[in-house]
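Working notes, structure below.
We count ligands from 1, going down the list as the structure has it; atoms in each ligand are counted the same way. Remember, predicted model here, so these are calculated numbers, not experimental data.
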Amino acid sequence: MLWVSAPAKVNLFLEITGQRADGYHDLRMLLQTISLWDRIGLMAIAGELEVVCNHPQVPTDESNLAVRAVRLLQQECPGRVGGVRLIIEKHIPVGGGLAGGSTNGAAVLWGLNQLWQLGLSPSQLHALALQLGSDVPFCLQGGTAIAKGRGEILTPVTNFPSCDLVIAQPRGVSVSTAWAYKTFRAQRLIHQKIADTELLWQGLLSASDPQAVSQYLYNDLERVVVAEIKAIAELRQQLLDLGCLGSLMSGSGACVFGICQSAEQAESIKARLPRDRVASWVVTTGYHTLCI
Ligand code: C5P
């Protein structure tokens with residue numbers, strides 16, 4: 001059995017810069033891997049595909065990006081990818097805006113390339129990853145990166161300050177990414193700027209500590225999601241009230257994160273969140289490899 005770790009990400013910055021003819025949006029993002037990951041087990045079997053997952057809400061059919069990654073490789077490398085048993089050990093919240101599905105897809109592409117010695121180059125894997133979804137190429141690469149285009153034009157950022165975060169999700173709340181972008185487009189929000197995003201972007205990229213990072217967080221999708229789902233707006237404010245330096249919704253939600261001064265402060269803020277209404281995690285940012 002080959003085990004691959006599949007880390008989650010947060011968006012420290014997400015700006016919608018254009019509406020594309022293909023229905024997607026052009027973005028400017030700063031993406032950051034965090035220390036919260038699923039584990040993906042891959043084993044060669046005689047049959048075609050067996051999927052086991054410990055999370056009842058995760059589908060094991062073709063709508064799961066890990067399953068689609070197996071199918072994609074079976075199709076792209078005929079005769080070279082045999083049967084696979086896929087074990088998905090889920091720890092990343094589902095529907096949380098932390099790329100939980102995308103990172104599973106990336107881990108399967110990377111893992112099967114090893115398991116079946118397919119010899120796919122990083123750029124070939126990148127192209128396959130984009131066929132699975134806009135966030136999948138970043139999940140293959142990890143670390144801190146500027147992402148443009150649909151999210152696939154990646155530039156690694158080195159020496160970005162590492163931060164301790166509390167991640168929090170209102171229980172029972174998840175958000176459809178497609179709905180969030182569609183609503184943003186329908187409300188024509190791209191034509192109504194609410195912040196000097198250029199100033200924020202430059203500030204974020206030159207931030208040298210968590211305090212500075214906290215001042216320049218930005219997410220355009222908050223404008224539709226936070227307006228619609230009060231629990232997300234309240235949780236984001238609660239993190240600030242409890243002492244976080246800054247807070248933001250990740251991706252299209254429903255998770256929000258708060259930047260803390262230390263891991264100890266993050267633990268104490270997590271302990272003060274109402275457990276019956278909020279699921280929470282303490283994580284650090286930083287690079288985490290796919291290989292266990
Ligand atoms: O690429 P992916 O399938 O992960 O995207 C999910 C949905 O998010 C898409 O159907 C699209 O509505 C929206 N999206 C977008 N522009 C992007 C990325 C995602 O409109 N750059």
Of Ser134, Ala180, Ala178, which has the heavy atom at the shortest distance from atom 18 (C) of ligand 1?
Ser134

Arg236 and Ser247 side chains, donor-acceptor separation under 3.5 Å
yes

Would one find an N or O of Arg150, backbone or side chain, under 3.5 Å from an N or O of ligand 1?
yes

The atoms of ligand 1 lying under 4.0 Å from a heavy atom of Gly133, numbered in the order shown, are 1 (O)

Can a donor-acceptor pair be found between the side chains of Gln124 and His126 at a distance below 3.5 Å?
no

Under 4.0 Å from a heavy atom of Thr177: which atoms of ligand 1 are those, numbered in the order shown and with their elements?
8 (O)

Considering only non-hydrogen protein atoms, determine which one is nearest to atom 9 (C) of ligand 1 and report residue, atom name and distance to 0.1 Å.
Tyr24 CE2, 3.9 Å

Is it true that Asp135 lies under 4.0 Å from ligand 1, counting heavy atoms only?
no

Nearest heavy-atom contact between Phe13 and Leu204 is CB-CD2, 3.6 Å

Minimum-distance protein heavy atom relative to atom 13 (C) of ligand 1
Tyr181 CD1, 3.3 Å

Have Arg20 and His25 got a donor and an acceptor in their side chains that come within less than 3.5 Å?
no

Checking the N or O distance criterion of under 3.5 Å, is ligand 1 in contact with His25?
yes

Would you kindly say whether Gln202 and Glu198 are connected by a side-chain donor-acceptor distance under 3.5 Å?
yes

Val51 and side-chain contact (heavy atoms from CB on, under 4.5 Å): which partner among Ile87, Thr60, Asp61, Val84?
Thr60

